[in-house]
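Shown next, in structure tokens, is the structure this report addresses.
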Amino acid sequence: DTEVTQTPKHLVMGMTNKKSLKCEQHMGHRAMYWYKQKAKKPPELMFVYSYEKLSINESVPSRFSPECPNSSLLNLHLHALQPEDSALYLCASSQSAHNEQFFGPGTRLTVL
Amino acid sequence: GESVGLHLPTLSVQEGDNSIINCAYSNSASDYFIWYKQESGKGPQFIIDIRSNMDKRQGQRVTVLLNKTVKHLSLQIAATQPGDSAVYFCAEKDNYGQNFVFGPGTRLSVLP
């Protein structure tokens, strides 16, 4: 298995909802990432997990809460989001923090 | 032609011609570079990478050139095909960082 999968593909939520994005890889990669991408912009790093420990949090608001239950899974818990949080949320993984990152297809999030 | 402005830079080429996409980086400590291709509605896809101890690397129909003196990276695509139409991002990382910094991206449009 050489891919990163993400669910759901699309998500529409209200500002009071709680939802979770999921990411999975079975390549044995030990680093996993969450990125946010707005239209016509490059991906912006949100969080980095290395060996299941959070190693980078790029000043992301607390309404985004990452979780790494094991080396293959990465979640992003969402609560009380704002309409400006609407974006494509990308998960990526890499063998280590010094190797190329492989991206999933993303979750298209719309906050109403 | 190529245009830069408030919108995503765009490069338009005729099918069968060669394409050259450029990227400038600012961190002189960057030592690893990747080119990604992102098609509409998909996550970025790894194309080719290069480390700072090299100045050229070739793949299938693609070549990456690195000029460390002027901090410039380019991606050359030979015999451009309609399937090459996408947004191309360069990404850089230094040996101490755990994350890649993405460039603004260039949209490649292949004209029939």
Side-chain angles (χ1 to χ4, degrees), chain A residues 2-10 21 23-25 27 29-51 53-60 66 74 87-109, chain B residues 3-11 21 23-27 29-53 57 59 62 64 73 75 86-109:
Chain A
T2 57
E3 64 174 3
V4 177
T5 59
Q6 290 186 244
T7 55
K9 192 166 184 172
H10 301 276
L21 309 185
C23 174
E24 191 166 0
Q25 58 87 15
M27 295 179 278
H29 290 173
R30 302 315 300 265
M32 296 186 77
Y33 311 78
W34 280 115
Y35 286 85
K36 172 183 178 180
Q37 186 177 28
K38 300 285 269 186
K40 299 184 180 180
K41 296 289 186 182
E44 295 177 14
L45 184 70
M46 299 174 73
F47 302 104
V48 180
Y49 273 84
S50 183
Y51 290 85
K53 288 187 173 14
L54 183 64
S55 59
I56 292 181
N57 175 341
E58 292 285 358
S59 303
V60 180
L74 187 66
L88 180 68
Y89 287 84
L90 293 161
C91 174
S93 71
S94 60
Q95 190 171 13
S96 75
H98 302 290
N99 296 97
E100 69 269 24
Q101 297 175 10
F102 294 88
F103 284 83
T107 293
R108 175 72 59 189
L109 174 67
Chain B
S3 64
V4 177
L6 295 177
H7 304 288
L8 195 64
T10 298
L11 176 66
I21 300 172
C23 181
Y25 64 95
S26 55
N27 184 0
S30 291
D31 65 353
Y32 184 39
F33 305 85
I34 296 179
W35 279 102
Y36 285 97
K37 171 187 181 184
Q38 187 173 23
E39 296 175 271
S40 181
K42 297 184 179 180
Q45 176 189 358
F46 173 90
I47 302 174
I48 192 167
D49 60 357
I50 189 167
R51 296 195 183 268
S52 59
N53 60 350
R57 191 151 188 245
V62 294
V64 55
L73 191 70
L75 176 70
V87 177
Y88 290 80
F89 293 103
C90 63
E92 59 176 299
K93 193 183 78 65
D94 65 45
N95 194 39
Y96 303 100
Q98 294 187 58
N99 58 291
F100 284 88
V101 176
F102 283 74
T106 297
R107 180 178 299 283
L108 176 65
S109 294

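Side chains are part of it too, since the values below use all heavy atoms of this structure and drop only hydrogens, waters and symmetry mates. Here is how names work: the chains are called A, B, and so on, in the same order as the sequence lines, proteins then strands, and each is numbered from 1.
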Set out, in order, the CA-CA distance, both residues' side-chain angles and the distance that settles side chain to side chain contact (heavy atoms under 4.5 Å, CB included) for A/Glu100 and B/Tyr32, then state yes or no.
CA-CA 9 Å; A/Glu100 69 269 24; B/Tyr32 184 39; 3.3 Å; yes
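For chain B, the option among A/Pro105, A/Gly106, A/Ala31, A/Pro42 with the highest count of heavy-atom pairs below 4.5 Å is A/Pro42. For the options A/Ala92, A/Pro43, A/Cys91, heavy-atom pairs under 4.5 Å to chain B are most numerous at A/Pro43.
Residue A/Glu44 does not touch chain B at all, counting heavy-atom pairs closer than 4.5 Å. Contact annotation for B/Gln38: only side-chain heavy atoms (C-beta onward) come within less than 4.5 Å of a heavy atom of chain A.
Side chains of A/Tyr35 and B/Pro44 form no contact here, defined as non-hydrogen atoms less than 4.5 Å apart.
Ring geometry, B/Tyr36 versus A/Phe103: the interplanar angle exceeds 60°, so the pair is classed perpendicular (tilted spans 30 to 60°).
Here B/Phe89 contributes atom CZ and A/Gln37 contributes atom CD; the two are 5.0 Å apart, rounded to the nearest 0.5 Å. The structure places NZ of B/Lys93 at 8.5 Å from CG of A/Asn99, a figure rounded to the nearest 0.5 Å.
The local environment of CD in B/Glu39 is crowded, with over 12 non-hydrogen atoms from other residues, nucleotides or ligands closer than 6.0 Å.
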